[in-house]
A.B. asks: 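Pasting a structure here, questions to come.
Treat the numbers as computed from the prediction; the structure is a model and nothing was measured. Throughout, a chain's letter reflects where its sequence line sits, starting with A, and its residues are numbered from 1. No hydrogens, no waters, no symmetry mates; every other heavy atom, side chains included, goes into these values.
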Amino acid sequence: MASEERAKDFIREIIDEDIRTGKYGGRVHTRFPPEPNGYLHIGHAKSICLNFGIAEEYGGKCNLRFDDTNPLSEGKEYVNSIMEDIRWLGFDWEDRLFFASDYFDKMYEYAVQLVKAGKAYVDDLSAEEISEYRGTLTKPGKESPYRNRSIEENLELLERMKAGEFGDGEKVLRAKIDMSHPNMNMRDPVMYRIIHASHYRTGDKWCIYPTYDWAHGLEDSIEGITHSICTLEFENHRPLYDWFLDELGIYHPQQIEFARLNLTYTVMSKRMLKELVEGGYVNGWDDPRLPTISGMRRRGYPPAAIRNFCNRIGVSKVNSTIPFEFLEHCVREELNKTAPRFMGVLNPLRVVIENYPEDKVEEMEAINNPEDPSAGTRKVPFSKILYIERDDFMENPPKKFYRLAPGREVRFRYAYLVTCTDVVKENGKVVELRCTVDPETRGGNAPDGRKVKSTIHWVSAAHAIDAEVRLYDKLFTVEDPAGEKEDFKNFLNPESLKVLSSCKVEPSVKNLKPFDRFQFERLGYFCIDPDSSPDNLVINRTVKLRDTWEKIRSKQGSTFSNA
RNA sequence: AGCCCCGUGGUGUAGUGGCUAGCAUAAGGGACUCUGGAUCCCUUGACGCCAGUUCGAAUCUGGCCGGGGCUACCA
């Protein structure tokens, strides 16, 4: 991605300014801090591209840090998938793999420091009581009766909390700030809660765990982060982030918030994604209909397309929603340059070439990628009995339908000019076409220079490989399922997955491996699904090709289709 | 309602007081084509509103309107 001029977003402008003023000695050090309680999705990709991208551009570093402060929901499965996804996207944290849980001892020391300074206290109020005491958006809260315990008592109680002398929820450590602060986050936020659960990394060493607000700034500070980039919903937490670091008097990174990515026709919330996966509405976290990184990988989206997408949507503080079509545009753009082409027929219609010898087979030369001459050519077998796409034939073609029809001549890609002479029907349904080739047009060009309006794809029946092809569509029927009043699952698209089982593809497809991406000419981009086996080829459709005919057809207001 | 944030074509962005407000995408039209793909060309289309400052405001100031966020011992 050479030297293309990227417009500076507001974050890069802040960084430029910080470098100019020497705020961090010219250093740039970011981090990507996922909580290991779910799989990464395209929204995380935006953050990853931002954080790793900035580090790269400024000659700085970007840490991968797992924010694992809640043993109840986090686990190793997620850690592994997250690392795999980041690597697949093309980023490298080198030797900087960190875990918040590695800082638990240090965090505890800091907490003690705050207690000693009279800035934190142990509270015996229950969760419900704390909530009541907090007040509301308009009414100030009131102070806990335990707020003014002596420093000695607080120290002792905190020590006993850590030692496991109390049950879950019996006590918490709170910062002593201001119960009538207009920012709710400043009304004595909880720093430690008691959770008697074993942590996937620290085991049973701890029964008190730090909350996000308490932990996050410390993690950034400990790692020497310069710019702590997070999403907009943490904006109101920044005063607290700053308060902790200032009261402690330790190294103070700068938190900067940007708007998270929203995409139409999907959901991005971890909770909802989890619900879809665990409720069996989709087939796992890597279901190709999901906006997860693993889903998009399985769907056939190239990492370069995702990176490009993230770099092109920009970074700002405006809440916005990107049409999913733009993502698809980026995917096509990348695949057009890189995907080798093949011929495959999704809905086969049998064609018999009447003037072609029974046992003759010709090897036709086909171009692998017209956008990339270095991709070379391959041979495709042609014989008397072929399959073409049902949609490429119409008995009574409407205006502007250029493909095959009775009496009409079209080109069979890389083969011959073919004329349809007869239509065979069973119970009113077209089951076979009788055609003739012009032997003078081998390769696809007529010596007399006559033109045909259209070129269609085909496969030789005797040589075709059977395949299962999975067609994907939008997961939801509405643009913003999460914004609907009803349960978002009520808007699941029942047609988001269609499985075609008797597709016919050209023989060279058998050399492809799972996750290999390619184009079926005139249809779209596809990839081999990992469910594929030598005797059961399974192919995913990544995205359709742009389809002008589809547009014309819908404008004509007709619903002509043989499908 | 208290606090915080944000308003530029349909969508996403650039613009940092001064050329006809740029780019991408989408949409419409055309050229070309052995993929109705790709590519190329053209067209439509935006500064939320009202004042103020200024020779001059998308840009600075104030007010209004509109949108978003915040009342977990989640992150």
A.B. asks: OP1 or OP2 of B:rC4 less than 4.0 angstrom from a side-chain nitrogen or oxygen of A:Lys317, does that happen here?
C.D. replies: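 No, outside the criterion.
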A.B. asks: Using a 4.0 Å heavy-atom cut-off, does A:Phe412 contact any base of the nucleic acid, only the sugar-phosphate backbone, or nothing at all?
C.D. replies: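 A:Phe412: no heavy atom of the nucleic acid under 4.0 Å.
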A.B. asks: For ring-ring contact (aromatic ring centres under 6.0 Å, His included), just list the numbers for A:Tyr241 and A:His237, CA-CA rounded to whole Å, side-chain angles, deciding distance to a tenth of an Å, and then say yes or no.
C.D. replies: CA-CA 6 Å; A:Tyr241 181 103; A:His237 294 244; over 10 Å; no
A.B. asks: Check this one for me: any side-chain N or O of A:Lys451 less than 4.0 Å away from OP1 or OP2 of B:rU33?
C.D. replies: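 No, because none of the side-chain N or O atoms of A:Lys451 sits under 4.0 Å from OP1 or OP2 of B:rU33.
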A.B. asks: Apply the syn/anti split at 90° from 0 to B:rA51 and say which one it is.
C.D. replies: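 B:rA51: anti glycosidic orientation.
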A.B. asks: Is there a side-chain contact between A:Lys555 and the phosphate of B:rG29, meaning an N or O under 4.0 Å from OP1 or OP2?
C.D. replies: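 Indeed, a polar side-chain atom of A:Lys555 lies that close.
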A.B. asks: In terms of the nearest nucleotide of RNA chain B, which residue is placed more toward the 5' end: A:Gly314 or A:Thr548?
C.D. replies: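 Looking at RNA chain B, the more 5' nearest nucleotide goes with A:Gly314.
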A.B. asks: Taking A:His457 for the side chain and A:Gly344 for the main chain, is one N or O donor matched with an acceptor at less than 3.5 Å?
C.D. replies: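 Flag set: sc A:His457 to bb A:Gly344 pair under 3.5 Å.
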A.B. asks: Is there a donor and acceptor pair, one atom on the side chain of A:Gln519 and one on the base of B:rU35, closer than 3.5 Å?
C.D. replies: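 Yes, the side chain and the base share a sub-3.5 Å donor-acceptor pair.
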A.B. asks: How many Å lie between CE on A:Met186 and C1' on B:rG2, as a whole number?
C.D. replies: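 It is 15 Å, rounded to the nearest whole Å.
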A.B. asks: What nucleotide, of B:rC6, B:rC73, B:rA1, holds the atom closest to the side chain of A:Thr138?
C.D. replies: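 Looking only at side-chain atoms, A:Thr138 lies closest to B:rA1.
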A.B. asks: For nucleotides B:rC32 and B:rC23, find the distance between their C1' atoms and express it as a whole number of Å.
C.D. replies: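 Pairwise C1' distance, B:rC32 against B:rC23, rounds to 25 Å.
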A.B. asks: What integer number of Å spans the P atoms of B:rC19 and B:rG56?
C.D. replies: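 Here B:rC19 and B:rG56 have their P atoms 14 Å from each other.
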A.B. asks: Which nucleotide in the list B:rC73, B:rG37, B:rC3 gets nearest to the side chain of A:Val190?
C.D. replies: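 The answer is B:rC73.
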A.B. asks: What is the nucleic acid contact for A:Thr136, judged by heavy atoms within less than 4.0 Å: base, sugar-phosphate only, or nothing?
C.D. replies: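 A:Thr136: base contact, heavy atoms under 4.0 Å.
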A.B. asks: Mark yes or no: A:Arg201 above the aromatic ring of A:Phe99, with NZ or CZ under 6.0 Å from the six-membered ring centre and no more than 45 degrees from the axis.
C.D. replies: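 Yes, cation above the ring, under 6.0 Å and within 45°.
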A.B. asks: For A:Glu77 and A:Tyr39, what are the C-alpha separation, side-chain angles and deciding distance, and is it a side-chain hydrogen bond (donor to acceptor under 3.5 Å, both in side chains)?
C.D. replies: CA-CA 9 Å; A:Glu77 177 201 355; A:Tyr39 279 58; 2.8 Å; yes
A.B. asks: Between B:rG62 and B:rG7, how many Å separate the two P atoms, rounded to a whole number?
C.D. replies: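 It comes out at 15 Å once rounded to the nearest Å.
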A.B. asks: Among B:rC73, B:rG37, B:rG69, which nucleotide has an atom closest to any side-chain atom of A:Arg134?
C.D. replies: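 Selected nucleotide (nearest to the side chain): B:rC73.
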A.B. asks: Just to be sure I understand the rule, does A:Asn236 reach a base, reach only the sugar-phosphate, or reach nothing, if contact means heavy atoms closer than 4.0 Å?
C.D. replies: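 A:Asn236: base contact, heavy atoms under 4.0 Å.
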A.B. asks: Less than 6.0 angstrom from the centroid, inside 45 degrees of the normal: does A:Lys76 satisfy that with respect to the ring of A:Tyr200?
C.D. replies: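 Relative to the ring axis of A:Tyr200, which defines the angle, A:Lys76 lies outside at least one limit.
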A.B. asks: For B:rU13, take OP1 and OP2 only and decide whether either is under 4.0 Å from a side-chain N or O of A:Ser320.
C.D. replies: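 Yes, A:Ser320 has a side-chain N/O under 4.0 Å of OP1/OP2 on B:rU13.
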A.B. asks: What distance, rounded to whole Å, do you find between the two P atoms, one in B:rU59 and one in B:rC47?
C.D. replies: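 Those two atoms are separated by 13 Å.
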A.B. asks: Is A:Tyr212 stacked on the base of B:rA75, meaning ring centres closer than 5.5 Å and planes within 30 degrees of each other?
C.D. replies: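 One would not call A:Tyr212 stacked on the B:rA75 base.
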A.B. asks: Kindly confirm or rule out a cation-pi arrangement of A:Lys474 over A:Phe324, judged by NZ or CZ under 6.0 Å from the six-membered ring centre and within 45° of its axis?
C.D. replies: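 Because its charged atom misses either the 6.0 Å distance or the 45° angle limit, A:Lys474 does not stack over A:Phe324.
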A.B. asks: Whether A:Arg403 contacts B:rU35 is assessed here as follows: a side-chain N or O lying under 4.0 Å from the phosphate OP1 or OP2. Is that the case?
C.D. replies: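 No, because none of the side-chain N or O atoms of A:Arg403 sits under 4.0 Å from OP1 or OP2 of B:rU35.
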A.B. asks: Report the nucleotide, chosen from B:rC73, B:rU25, B:rU13, that has the shortest atom-to-atom distance to any side-chain atom of A:Ser316.
C.D. replies: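 Selected nucleotide (nearest to the side chain): B:rU13.
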A.B. asks: Looking at B:rU35, does its base get a donor-acceptor pair with the side chain of A:Arg341 below 3.5 Å?
C.D. replies: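 By the distance-only test, yes, there is a pair.
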A.B. asks: Under 4.0 angstrom, heavy atoms only, what part of the nucleic acid is A:Thr69 near: base, sugar-phosphate, or nothing?
C.D. replies: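 Counting heavy atoms under 4.0 Å across all strands, the contact made by A:Thr69 is with sugar-phosphate only.
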A.B. asks: When you measure from the side chain of A:Ser221 to the backbone N and O of A:Gly217, does any donor-acceptor pair fall under 3.5 Å?
C.D. replies: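 Between the backbone of A:Gly217 and the side chain of A:Ser221 there is no qualifying donor-acceptor contact (under 3.5 Å).
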A.B. asks: Please determine, for the side chain of A:Met184, which listed nucleotide (B:rC74, B:rG36, B:rC70) has the closest atom?
C.D. replies: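 Within the option list, the nearest is B:rC70.
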A.B. asks: For a quick check of understanding: with a heavy-atom distance under 4.0 Å over all strands, which category does A:Tyr209 fall into, base, sugar-phosphate or nothing?
C.D. replies: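 Touches nothing.
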A.B. asks: Applying a 4.0 Å non-hydrogen cut-off, can you work out what A:Ser73 is touching in the nucleic acid: base, sugar-phosphate, or nothing?
C.D. replies: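 Here A:Ser73 touches no strand at all.
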A.B. asks: Of all the nucleotides listed (B:rC6, B:rC73, B:rU11), which has the minimum atom distance to the side chain of A:Val318?
C.D. replies: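 Out of B:rC6, B:rC73, B:rU11, the nucleotide with an atom closest to A:Val318's side chain is B:rC6.
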A.B. asks: What stems, by residue range, does RNA chain B take part in, given at least 3 consecutive Watson-Crick or G-U pairs under 3.5 Å?
C.D. replies: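 Output for stems: B:2-7 with B:65-70, B:10-13 with B:22-25, B:27-31 with B:39-43, B:48-52 with B:60-64.
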A.B. asks: Please work out if A:Arg411 contacts a base, only the sugar-phosphate, or nothing of the nucleic acid, heavy-atom cut-off 4.0 Å.
C.D. replies: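 Here A:Arg411 touches the bases of the nucleic acid.
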A.B. asks: Are OP1 or OP2 of B:rA72 and a side-chain N or O of A:Arg193 less than 4.0 angstrom apart?
C.D. replies: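 Negative; the distance criterion is not met.
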A.B. asks: Measure the distance from CG on A:Asn308 to C1' on B:rG12 and round it to the nearest whole Å.
C.D. replies: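 Result: 14 Å.
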A.B. asks: Kindly point out which of B:rA1, B:rA75, B:rG68 is positioned nearest to the side chain of A:Leu137?
C.D. replies: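 Among the listed nucleotides, the one closest to the side chain of A:Leu137 is B:rA1.
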A.B. asks: Taking B:rU61 as the reference, what is the distance to B:rA1 when you measure between their C1' atoms (whole Å, please)?
C.D. replies: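 Approximately 27 Å lies between the C1' atom of B:rA1 and that of B:rU61.
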A.B. asks: Looking at every strand, decide which applies to A:Glu235 at a 4.0 Å heavy-atom threshold: base, sugar-phosphate, or nothing.
C.D. replies: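 The residue A:Glu235 makes sugar-phosphate contact but no base contact.
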A.B. asks: Is the base of B:rA26 stacked against the aromatic ring of A:Phe326, taking ring centres under 5.5 Å apart and planes under 30° as the test?
C.D. replies: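 Not stacked by the 5.5 Å and 30° rule.
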A.B. asks: Determine which pairs satisfy salt bridge (Lys or Arg N to Asp or Glu O under 4.0 Å) with at least one residue from residues 175-199 of chain A, sequence neighbours left out, and list them in order.
C.D. replies: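 Residue pairs with at least one partner in residues 175-199 of chain A: A:Arg147-A:Asp188.
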A.B. asks: Please state the P separation for the pair B:rC5 and B:rC60 - nearest whole angstrom.
C.D. replies: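 Straight-line distance between the two P atoms is 15 Å.
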A.B. asks: Step by step, would you call A:Lys142 with A:Ser180 a side-chain contact (heavy atoms from CB on, under 4.5 Å)?
C.D. replies: CA-CA 7 Å; A:Lys142 54 182 184 190; A:Ser180 57; over 6 Å; no
A.B. asks: If the cut-off is 4.0 Å, is A:His329 near the phosphate of B:rU25, judged by side-chain N/O to OP1 or OP2?
C.D. replies: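 Yes, because at least one side-chain N or O of A:His329 sits under 4.0 Å from OP1 or OP2 of B:rU25.
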A.B. asks: Taking the C1' atom of each, how far is B:rC40 from B:rU16, in whole Å?
C.D. replies: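 Their C1' atoms lie roughly 36 Å apart.
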A.B. asks: Across the strands shown, which category fits A:Asp168 at heavy-atom distances under 4.0 angstrom: base, sugar-phosphate, nothing?
C.D. replies: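 It contacts nothing in the nucleic acid.
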A.B. asks: Which of the following nucleotides, B:rG28, B:rG37, B:rG69, is nearest to the side chain of A:Asn336?
C.D. replies: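 Comparing B:rG28, B:rG37, B:rG69 against the side chain of A:Asn336, the answer is B:rG37.
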A.B. asks: Look only at the side chain of A:Gln255 and the backbone of A:Phe234, and say whether a donor-acceptor pair between them is shorter than 3.5 Å.
C.D. replies: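 Such a contact is found between A:Gln255 side chain and A:Phe234 backbone.
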A.B. asks: Could you tell me whether a side-chain N or O of A:Asn51 sits under 3.5 Å from a main-chain N or O of A:Thr30, the two making a donor and an acceptor?
C.D. replies: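 Pair absent, no side-chain N/O of A:Asn51 close to backbone of A:Thr30.
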A.B. asks: Base, sugar-phosphate alone, or nothing: which one does A:Ile195 contact when heavy atoms must sit under 4.0 Å apart?
C.D. replies: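 Answer is nothing: A:Ile195 stays at 4.0 Å or more from every strand.
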A.B. asks: Within the structure shown, what part of the strands sits under 4.0 Å from A:Lys139 by heavy-atom distance: base, sugar-phosphate, or nothing?
C.D. replies: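 Here A:Lys139 touches no strand at all.
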A.B. asks: Is the phosphate of B:rG37, meaning OP1 or OP2, less than 4.0 Å from a side-chain N or O of A:Arg413?
C.D. replies: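 No, outside the criterion.
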A.B. asks: Just to be sure I understand the rule, does A:His216 reach a base, reach only the sugar-phosphate, or reach nothing, if contact means heavy atoms closer than 4.0 Å?
C.D. replies: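 If one applies the 4.0 Å heavy-atom cut-off, A:His216 turns out to touch nothing in the nucleic acid.
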A.B. asks: When you compare B:rG30 with B:rC50, how far apart are their C1' atoms, in angstrom units rounded to a whole number?
C.D. replies: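 Their C1' atoms lie roughly 45 Å apart.
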A.B. asks: Tell me what A:Arg312 touches on the nucleic acid: a base, only sugar-phosphate, or nothing, going by heavy atoms under 4.0 Å.
C.D. replies: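 Contact class for A:Arg312: sugar-phosphate only.
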A.B. asks: Between A:Asn368 and A:Ala375, is there a donor-acceptor pair closer than 3.5 Å when you use the side chain of the first and the backbone of the second?
C.D. replies: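 Checking the backbone N and O of A:Ala375 against the side chain of A:Asn368, a donor-acceptor pair under 3.5 Å is found.
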A.B. asks: So A:Leu125, base contact, sugar-phosphate only, or nothing? Heavy-atom distance under 4.0 Å.
C.D. replies: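 The answer is base, as A:Leu125 lies within the cut-off (heavy atoms under 4.0 Å) of a base atom.
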A.B. asks: With a 3.5 Å cut-off and just heavy-atom distances, do the side chain of A:Arg546 and the base of B:rG36 make a donor-acceptor pair?
C.D. replies: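 When only heavy-atom distances are counted, A:Arg546 does not reach the base of B:rG36 through any donor-acceptor pair under 3.5 Å.
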